[in-house]
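By convention here, the first residue in the shown sequence is residue 1.
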Amino acid sequence: MNIKQSVNFLNGTLNNLVVANGKLQLPSVAAPSFSRNSVAYLFNGTLVNTNQPRLEIVNGRKGILVEEGTTNLVPNILFLTTSGLLPYSSATLIANLDGGVITNTKVLQVNTSMVTGSGFSFVSISATIGQTYTFSIYLKGSGQVQLFIAERDSNDNWIAETRSNTITLTDKWLRYTVSRTNSSGAKIRVGVVTTAAQAITFYANAPQLEQKPYVTTFVNGTRSAEVLTIPTAGILNTQEGTIDIICQVNSITYLSNNVWLFSLATSSSPLKNVLGIKCYRGCPEIWVYDDSGKGGSYSYSSVLPIGWHMYTLRWNAQEIALFLDGVKIISKSNPNLPSVLPSLCYIGAWAGGGMYQFNSFINAVRISNRARTDAEIATAYAKGYLEVDEWTTYLLDAEKGIQWYGQGGYYLSPEFDLSAVGTAIGSKISWQEDADGIVRKVYAKLDNQADWVEVVNGGKLPINAGDVLTGRKLQLKVKLLKSA
């Protein structure tokens with residue numbers, strides 16, 4: 001006797017899948033959102049338009065840069081003329097030359113004299129006492145020079161200064177920096193001078209002075225902060241889940257009191273429904289608060305090494321934990337988990353206003369709707385990349401671009417009683433599959449079989465001719481994966 005059984009997807013278990021017109025589908029969710037209300041520049045000087053992300057390859061990985069805003073304070077950014085520049089010790093200055101690093105900027109040529117300290121500076125600008133300033137500039141040429149930041153009084157007289165290490169110039173453009181905390185100056189002045197009596201020629205491009213203790217990427221004027229968000233509806237579960245993030249830790253991480261890798265919150269003051277990963281001067285922390293404001297932050301005392309790393313935040317009612325490169329480094333039992341979900345979570349910034357940017361690159365973010373095991377987390381790190389599986393509610397992958405996102409889910413059928421078949425003479429399974437780029441994998445097993453067996457469309461079930469099916473039950477599992 002032939003027996004045909006149709007599957008009603010409304011019966012059974014759905015995980016991150018929906019049923020529409022009798023078909024299994026992945027839920028509809030929004031793409032990632034990126035904003036920056038100004039232009040910016042890539043490392044090679046290419047201009048990137050407003051609200052377009054900067055994608056760079058750094059040490060073999062592509063990443064999305066999420067950087068704080070800044071204002072360039074130097075009086076002459078483009079070097080179109082020598083206005084706002086001061087020659088030092090009989091140096092001669094020639095502006096408006098081509099061949100710089102940054103698009104739409106010009107190069108300054110500096111010819112020094114045989115006097116120590118020959119070079120140039122910018123005219124002094126007003127400064128705030130107690131603030132740290134960082135001067136950066138691209139240089140090439142020959143000879144040895146130093147950058148300086150000098151404090152000046154209200155009459156523009158020298159008070160004190162900080163100099164960079166001695167720079168031996170080459171024929172390649174390189175960016176150099178120096179920082180100083182202004183202790184008493186009403187003004188500051190920055191520039192580049194020789195370290196000994198040497199008549200040399202060097203070239204300068206893309207100068208930048210920022211009121212912060214570290215350097216950020218060049219901007220002609222003011223660069224707005226970058227904000228990268230992911231929707232939470234249908235993606236995040238505040239009571240259980242896992243977030244894996246592959247990111248690049250850089251030197252700014254060590255200098256900042258507040259840089260956020262991931263965050264969500266319904267209130268910043270007081271803190272409510274908070275879940276996040278933060279770094280304080282290079283040491284990672286996890287933050288978790290419930291809807292009543294109960295909770296706290298929990299830290300790891302060691303500073304992270306510079307380079308690409310994988311952070312994993314895992315939580316459920318029993319524990320919240322942070323893993324670094326597959327190893328658990330922070331754990332808090334019985335955490336006060338959020339109960340209210342905001343509409344967005346922030347990648348590389350604090351949710352309370354989209355600030356305290358990570359100031360580095362995000363390669364991939366994977367959100368899962370269950371607490372993954374220690375072994376799964378270690379395996380993901382060992383692979384070196386994040387992939388979509390049936391527990392993945394969202395995958396952002398810079399390798400595929402900012403508008404792409406991956407998803408996965410599964411359907412588990414009820415058990416179908418095969419007793420009416422008696423002794424099997426054969427089996428077949430088939431289904432309709434849309435050409436929509438979604439990978440569909442179907443598995444089957446009998447109740448006396450330990451492992452799922454993947455089956456093919458039009459192929460056989462894990463049932464052989466002569467098998468006695470009296471009392472036996474069959475179950476199906478369907479995975480949908482948007483992974484390419």
Worksheet item: Are side-chain N/O atoms of Thr217 and Arg223 paired as donor and acceptor at under 3.5 Å?
Response: yes
When every non-hydrogen atom of Ala398 is compared with those of Gly63, the smallest separation belongs to CB-CA, 4.0 Å
Around atom OH of Tyr356, are there more than 12 heavy atoms from other residues, nucleotides or ligands closer than 6.0 Å?
no
So, Arg314 versus Thr242: side-chain donor-acceptor pair below 3.5 Å or not?
no
Here the gap from Ile286 atom CD1 to Leu322 atom CG, rounded to the nearest 0.5 Å, amounts to 6.0 Å
So CD1 of Ile402 and CD1 of Ile362: to nearest 0.5 Å the spacing works out to 10.5 Å
| said: Treating Asp434 as the side-chain partner and Asp436 as the backbone partner, does any N or O pair qualify as donor plus acceptor under 3.5 Å? | reply: no
The side chain to side chain contact (heavy atoms under 4.5 Å, CB included) partner of Val178 among Leu147, Thr134, Ile167 is Leu147
Practice task
Specify whether Trp287 and Trp260 have parallel, tilted or perpendicular ring planes, treating 30° as the upper limit for parallel and 60° as the lower limit for perpendicular.
Solution key: perpendicular
Glu285 and Ile330 have their tightest heavy-atom pair at CA-CD1, 4.2 Å
Partner of Tyr311 under side chain to side chain contact (heavy atoms under 4.5 Å, CB included), picked from Leu304, Ile246, Ile329, is Leu304
query = Hey, is the main chain of Val101 close enough, under 3.5 Å, to the side chain of Asn205 for a donor-acceptor pair?
reply = yes
Original post:
Are side-chain heavy atoms of Arg440 and Leu481 found at a separation under 4.5 Å?
Top reply: no
Note to self: For Glu319 and Ser333, which I'm curious about, is there any donor-acceptor pair between the side chains at under 3.5 Å?
What the structure shows: no
Using side-chain contact (heavy atoms from CB on, under 4.5 Å), reason through Thr238 and Asn273 one step at a time and then give a plain yes or no. CA-CA 9 Å; Thr238 61; Asn273 297 299; over 6 Å; no
Quiz prompt | Thr71 and Thr222: CA distance, side-chain angles, deciding distance, side chain to side chain donor-acceptor pair (under 3.5 Å) verdict | solution = CA-CA 4 Å; Thr71 297; Thr222 296; 3.1 Å; yes
Looking only at heavy atoms, the pair that brings Asn16 and Gly408 closest together is ND2-O, 2.7 Å
Does Lys383 reach the side chain of Tyr381, with side-chain heavy atoms less than 4.5 Å apart?
-> no
Open item on the list: Check Arg370 with Glu376, please: is the shortest side-chain N to carboxylate O separation under 4.0 Å?
Closed with: yes
Q. Would you find a donor on one side and an acceptor on the other, under 3.5 Å apart, between the side chain of Asn316 and the backbone of Gln318?
A. yes
Counting neighbours of OH on Tyr138 that are heavy atoms of other residues, nucleotides or ligands and sit closer than 6.0 Å, is the number greater than 12? yes
Test side chain to side chain contact (heavy atoms under 4.5 Å, CB included), reference Glu415, set Leu446, Asp447, Leu476, Leu474, output is Asp447
Rounding to 0.5 Å, atoms NZ (Lys479) and CD (Glu454) come to a distance of 8.0 Å
Check: Val439 main-chain N/O paired with Glu433 side-chain donor or acceptor under 3.5 Å:
no
| query | Between the side chain of Arg180 and the main-chain N/O of Asn182, is any donor-acceptor distance below 3.5 Å? | reply | no
Nearest heavy-atom approach of Phe358 to Val259 is CA-CB, 4.1 Å
Rounded to the nearest 0.5 angstrom, the CD1-OG distance for Ile243 and Ser368 is 9.0 Å
Of Ile438, Leu17, Leu480, Val29, the one forming a side chain to side chain contact (heavy atoms under 4.5 Å, CB included) with Gln407 is Val29
Quick check: do Ile463 and Lys428 have side-chain heavy atoms less than 4.5 Å from each other? no
Item checked: Pairing of Glu387 and Arg366 as salt bridge, 4.0 angstrom limit -> no
Q.
side chain to side chain donor-acceptor pair (under 3.5 Å), that's the test. Do Gln248 and Ser360 meet it? Break it down for me.
A. CA-CA 6 Å; Gln248 187 210 37; Ser360 193; 2.9 Å; yes
Ring of Tyr133, cation from Lys212 - is the NZ or CZ under 6.0 Å from the centre and inside 45° of the axis? no
Minimal heavy-atom distance between Ser419 and Gly471, with the atoms involved, is OG-N, 2.8 Å
In terms of heavy-atom contacts, does NZ of Lys328 have more than 12 from other residues, nucleotides or ligands at under 6.0 Å? yes
_Thr393 (side chain) donor-acceptor with Ile367 (main chain) under 3.5 angstrom_ = yes
I'd like to know whether CG of Asn165 has more than 12 heavy-atom contacts from other residues, nucleotides or ligands below 6.0 angstrom. no
In short, Ser268 meets Leu271 closest at the heavy-atom pair O-CD2, 3.4 Å
- request: Taking the side chain as every heavy atom from C-beta outward, state whether Leu24 and Leu14 have any atom pair closer than 4.5 Å.
  value: yes
Would you check if the side chain of Asn72 reaches a backbone N or O of Asn220 as a donor-acceptor pair within less than 3.5 Å?
no
d(Ser263 OG, Ile277 CD1) to nearest 0.5 Å is 10.0 Å
Indicate yes or no for a side-chain donor-acceptor contact from Thr312 to the backbone of Ile377 under 3.5 Å, with no hydrogens or angles considered. no
Do the side-chain N and O atoms of Ser136 and Thr177 include a donor-acceptor pair separated by under 3.5 angstrom?
-> no
Ring of Tyr405, cation from Lys482 - is the NZ or CZ under 6.0 Å from the centre and inside 45° of the axis? yes
Regarding Arg472 and Asp467, does a basic nitrogen lie under 4.0 Å from an acidic carboxylate oxygen? no
Between the CZ atom in Phe218 and the CD1 atom in Ile137, the distance rounded to the nearest 0.5 Å is 10.0 Å
- Task: Look only at the side chain of Glu399 and the backbone of Lys62, and say whether a donor-acceptor pair between them is shorter than 3.5 Å.
- Result: yes
- Task: Could you walk me through whether Glu210 and Thr216 pass side chain to side chain donor-acceptor pair (under 3.5 Å), step by step?
- Result: CA-CA 8 Å; Glu210 305 174 77; Thr216 67; 2.6 Å; yes
Give a yes or no on whether the backbone of Lys23 and the side-chain of Asn21 come within a donor-acceptor separation of less than 3.5 Å. no
| query | After noting the C-alpha distance and the side-chain angles of Asn359 and Glu68, does the key distance pass the side chain to side chain donor-acceptor pair (under 3.5 Å) rule? | reply | CA-CA 6 Å; Asn359 287 325; Glu68 67 189 70; 2.5 Å; yes
Lys441 atom NZ, over 12 foreign heavy atoms within 6.0 Å
no
- Query: Are the side chains of Trp173 and Val107 in touch, meaning some heavy atoms are under 4.5 Å apart?
  - Reply: yes
request  = In sequence, state the C-alpha distance, the side-chain angles, and the governing distance for Trp308 and Asn59, and then conclude on side-chain contact (heavy atoms from CB on, under 4.5 Å).
outcome  = CA-CA 8 Å; Trp308 288 103; Asn59 296 331; 4.0 Å; yes
Discussion item. Under the criterion salt bridge (Lys or Arg N to Asp or Glu O under 4.0 Å), I'd like the reasoning laid out for Arg54 against Glu67: C-alpha separation, chi angles, the key distance, then a yes or no.
Written reply: CA-CA 10 Å; Arg54 290 181 283 175; Glu67 190 176 34; 2.7 Å; yes
